2 protein chains.
Amino acid sequence: MATYDQLKRALKKEGLRYTQQRQYVWDELCATNDHRDAEEIYLAIHQSGLNVSRATVYRTIDVLVKNKMVRKLELGDGRARYEHKVNATHHDHLICIQCGKIEEFMDEVIESRQDEIVKKFGYKLVRHIHQLFIICSECESP
Amino acid sequence: MATYDQLKRALKKEGLRYTQQRQYVWDELCATNDHRDAEEIYLAIHQSGLNVSRATVYRTIDVLVKNKMVRKLELGDGRARYEHKVNATHHDHLICIQCGKIEEFMDEVIESRQDEIVKKFGYKLVRHIHQLFIICSECESP
DNA sequence: CTGCCTGCAAAATCTTTGCAAAATC
DNA sequence: GATTTTGCAAAGATTTTGCAGGCAG
């Protein structure tokens with residue numbers, strides 16, 4: 001469930017006010033563990049009978065991403081997906097190119113290899129994107 | 001350098017004609033090993049004194065990507081980058097979030113771990129994106 | 001009450017598309 | 001000579017921004 005304390009702290013830190021609209025966006029993001037785009041979040045809020053403009057959805061998500069409460073996924077199709085990070089551990093994604101389903105994976109070996117590669121270059125790792133585009137079992141043999 | 005045989009074969013396979021414009025786009029893509037966006041390709045062609053419209057640049061790149069002559073990179077900033085695949089082996093990318101510089105890496109261990117992960121899920125790996133966003137040494141201590 | 005926030009619509013950005021003119025086979 | 005291609009500009013898609021009125025502190 002949504003933790004308003006975390007939201008309040010983040011907004012305060014950014015010098016922003018605590019508003020109903022911002023809370024609705026956070027509520028909706030926390031309502032599922034899906035990987036949805038901005039339009040889906042926007043529509044879901046409206047289907048709950050609440051009213052928040054697209055602009056506010058985008059603006060609020062930006063704040064949440066900046067404060068690491070929400071993760072932004074760029075799959076290369078021009079639409080960013082978002083997932084809340086409440087009680088979440090680090091993971092990367094498997095994406096079915098047929099049905100769009102997204103699953104999560106995590107591999108310690110890969111994580112440490114990444115660190116070594118970056119170290120060898122003498123660089124500093126900030127973040128990474130690791131996406132495995134697959135055909136899932138249902139799409140392979142329907 | 002650009003290999004026109006490969007281009008001719010790809011166009012024939014797609015049922016497309018061999019035109020000057022398509023060759024110019026391929027020439028420009030092969031002219032460097034950079035990771036450039038469509039606009040940069042377009043401008044570079046024009047700076048060579050040749051004339052190819054943006055639409056044709058986009059349309060031609062699509063064909064080249066489809067035929068694995070060019071690789072499309074999505075860095076999550078809304079602008080796709082392209083690199084030709086002449087004499088290229090598989091690699092992934094390190095991207096400096098300060099200066100935008102792109103470098104390449106390849107790690108056998110990571111490659112095989114990926115295969116194992118996908119296998120464990122019972123899926124089929126089609127392609128992957130692995131990008132390490134870093135601060136390069138020049139940007140770290142200028 | 002003051003000034004930030006919202007909603008709307010317009011702008012911005014990158015890419016795709018429709019159509020008449022031009023080029024290829 | 002028929003049919004693809006091209007170039008242009010307009011349309012699309014997603015996201016961002018400017019501004020007048022509304023609401024939090």
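Nothing here was measured: the structure is a model prediction, and the numbers come from that model. Numbers restart at 1 for each chain; the letters A, B, ... are given by sequence-line order, proteins then strands.
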Can you classify the ring geometry of A/F105 versus A/H130 as parallel (below 30°), tilted (30 to 60°) or perpendicular (above 60°)?
perpendicular

Should we count NZ of B/K66 as having more than 12 external heavy atoms under 6.0 Å?
no

Find which nucleotide of DNA chain C each of B/R17 and B/A80 is nearest to by heavy atoms, and output the residue with the more 5' nucleotide.
B/A80

Using a 4.5 Å cut-off on heavy atoms from C-beta on, say whether the side chain of A/Q21 contacts that of A/V25.
no

Which of these, A/E83, A/E104, A/H84, sits in a side chain to side chain contact (heavy atoms under 4.5 Å, CB included) with A/N33?
A/H84

Pairing donors with acceptors under 3.5 angstrom, does anything connect the side chains of B/H91 and B/E103?
no

Using only heavy-atom distances, determine whether the side chains of B/D37 and B/Y42 contain a donor-acceptor pair under 3.5 Å.
no

With a distance cut-off below 6.0 Å to the six-membered ring centre and an angular limit of 45° from the axis, does B/K72 pair with B/Y82 as a cation-pi contact?
no

Could you tell me whether B/K12 atom NZ has more than 12 heavy atoms of other residues or ligands within 6.0 Å of it?
no

Donor-acceptor pairs under 3.5 angstrom involving side-chain atoms of residues 50-58 of chain A: please list them, not counting sequence neighbours.
| unit_1 | atom_1 | unit_2 | atom_2 | d |
| --- | --- | --- | --- | --- |
| A/N51 | OD1 | A/H46 | ND1 | 3.4 |
| A/S53 | OG | A/T56 | N | 3.2 |
| A/S53 | OG | A/T56 | OG1 | 3.1 |
| A/R54 | NH1 | A/E39 | OE1 | 2.7 |
| A/R54 | NH1 | A/E39 | OE2 | 2.6 |

Would you kindly give the OH-to-P distance between B/Y18 and D/dT6, to the nearest whole Å?
12 Å

Please give, in whole Å, the distance from D/dT5 P to B/L7 CG?
12 Å

In residues 41-52 of chain B, what residues come within less than 4.0 Å of DNA chain D, judged by heavy atoms?
B/N51, B/V52

Distance-only donor-acceptor check, side chains A/N67 and A/E14, under 3.5 Å
yes

Report yes if at least one side-chain N or O of B/T19 is closer than 4.0 Å to OP1 or OP2 of D/dT6; otherwise report no.
yes

Taking only heavy atoms on the protein side, list every residue of residues 55-68 of chain B lying under 4.0 Å from any atom of DNA chain D, sorted numerically.
B/A55, B/T56, B/R59

How would you give the extent of chain A contacts on DNA chain C, as first and last nucleotide 5' to 3' within a 4.0 Å heavy-atom cut-off?
C/dG3 to C/dC8

Donor-acceptor pair, side chain of A/Q131 and main chain of A/E74, under 3.5 angstrom
yes

I'd like to know if the side chain of B/H128 pairs up with that of B/Q114 as donor and acceptor (distance under 3.5 Å, no hydrogens or angles considered).
yes

Axis bend over the full length of the helix from C/dC1-D/dG25 to C/dC25-D/dG1, computed from five pairs that close each end, to 10 degrees:
30°

May I ask you to verify if any side-chain N or O of B/R54 is less than 4.0 angstrom from the OP1 or OP2 atom of D/dT6?
no

Near DNA chain D, which residues from residues 69-77 of chain A have a heavy atom under 4.0 Å away?
none

Whole angstroms only, please: what is the CG-P distance between A/D37 and D/dA13?
13 Å

Gap between atom NZ of A/K120 and atom CG of B/L94 - 0.5 Å precision
11.5 Å

With a 3.5 Å cut-off and no angle check, do the side chains of A/Y24 and A/E28 form a donor-acceptor pair?
no

From B/D34 CG over to B/I102 CD1, what is the distance, rounded to the nearest 0.5 angstrom?
9.0 Å

Flag yes if more than 12 heavy atoms outside A/K13 fall under 6.0 Å of its NZ atom; otherwise flag no.
yes

